Amino acid sequence: MNTEMVKVDEDYYRNKVFALGEIIRHGGLVAFPTETVYGLGGNALDGEAAKRIYAAKGRPSDNPLIVHVSAPSEVEKYVKEVTPLEKKLMDAFWPGPLTIVFPKKDMIPMETSGGLMTIAIRCPRSEATRALIRAAGVPLAGPSANISTRPSPTTAEDVLHDMDGRIPAIVDGGPCEVGLESTVIGIENGTIVIYRPGGITLEMLSAFAPTVVDKAILSGGVKAGEHPKAPGMKYRHYAPKAPLTVYTGNTDKVESEILSFAQKEDEKYGFFVSRETAEKLPEGLTLFIWGSRKDKESFAHNLFSGLLYFNKHPVDRIIGEGTDSKGLGLAIMNRLTKASGYHIVVEKKD
Ligand code: TXA
Ligand code: MG
């Protein structure tokens, strides 16, 4: 199969989007841009399309898919009930990086919901993608458009790397703004429970109702015997090819630890660090700067492309610098914990 890159321009909205909608309506797959990461889209009302998504990603089929709608008003067609709190959250954050879990109607097939009686829905910010959903006339089931276990793609080129020859088309809407997948929540007895941290933070949600983090993911991942509400959290995820260790906590200690690796010559190290730390490191290292320590948004934005950088510029081991878990830091550290397979070193103040 030939994979076509479709740029978002005037011709996209006038013509091309309708041909892509047709592909979706007939059970085919199209990768689409969002503000979080690129998605791999298929008709959410068609169980066979869902099976094709799992096959293209190489993903276990008990991991449910997120359903993307073109407008908040569409949700009622697919779910049994929208509560006043859910309505408020949709008004506040949609279109945007918040996914809400609802009890599903029967028209959503079990293949899409991964066998669950609930369905996760969000309305993405991308105009191009909402036009695609309208052209298809059906909601888009869409997990991140990477091969299972690899870092999520935040550019159309990263999607092509994983999906070339597996799908007919990729909509190229440029780099994703947020860079991390959406926050997945459910409402349990009036409390907002975060099943997967993301672009909409705990602090932002707390303004609407008491908000907690699903305890299965507080440790950053899921251990044997734990059952996370978002089944995807139990899988190996986001891993770069080289092993990654992340240092966080006391800044001085983190810096000196990272500096000590820059002086070693036993292995080829890659450095995934803040601008502040990079300024103290010698020249000539394989290095990716995720942004300033004062700017978590740039860290989130560069996280996955940074991890993929070390697949393109191979090293034996990646030494990473983390952040605290306030605001977006919770989502960033959740992804880094998984990407490193729990190799997080917390430096304490003496
Ligand atoms: O930002 C995003 O959410 C991206 C873009 C493409 O929209 N999509 C995405 O999809 O990250 P995916 O499939 O890679 O991750 C979906 C997450 C998984 O952790 C899954 O277990 C959880 O959402 N999820 C889906 N349906 C659920 C449900 N009914 N109950 C609880 N968790 C659910
Ligand atoms: Mg994913």
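None of the values given here were measured: they were computed from a predicted structure. All residue numbers in this chain count up from 1 along the given sequence. Just follow the structure's listing: the first ligand is 1, and inside any ligand the first atom is 1.
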Quiz question: by atom type and distance under 3.5 Å, do the side chains of Arg122 and Thr34 form a donor-acceptor pair? yes
Of all the atoms in ligand 1, which lie at a distance below 4.0 Å from a heavy atom belonging to Thr36? 1 (O), 2 (C), 4 (C), 5 (C)
Stepwise salt bridge (Lys or Arg N to Asp or Glu O under 4.0 Å) test for Glu257 and Lys280: CA-CA 12 Å; Glu257 194 69 47; Lys280 306 208 167 122; over 6 Å; no
Is any N or O atom of Ser144, backbone or side chain, closer than 3.5 Å to an N or O atom of ligand 1? yes
Does the side-chain contact (heavy atoms from CB on, under 4.5 Å) test come out yes or no for Tyr78 and Val69, once each step is laid out? CA-CA 10 Å; Tyr78 312 117; Val69 294; 4.0 Å; yes
Asn63 to ligand 1: N or O pair under 3.5 Å? yes
Would Arg122 count as being in polar contact with ligand 1, using the rule that some N or O on each side must be under 3.5 angstrom apart? yes
With atom 30 (N) of ligand 1 as the reference point, say which of Val101, Asn146, Ile66 has the nearest heavy atom. Val101
Contact with ligand 1 for His68, non-hydrogen, under 4.0 angstrom: yes
Is Arg196 close to ligand 1, meaning an N/O of one under 3.5 Å from an N/O of the other? yes
Would you say Tyr195 has any N or O atom under 3.5 Å from an N or O of ligand 1, going by distance alone? no
Going by the atom numbers of ligand 1, which of them fall below 4.0 Å from some non-hydrogen atom of Val184? 23 (O)
Among Gly186, Gly198, Gly142, which one puts a heavy atom closest to atom 8 (N) of ligand 1? Gly142
When you measure from the Mg ion (ligand 2) to the N, O or S atoms of Ser152, does any of those distances fall below 2.8 Å? no
List every atom of ligand 1 that sits less than 4.0 Å from any heavy atom of Gly39, numbering the atoms from 1 in the order shown and giving each element. 6 (C)
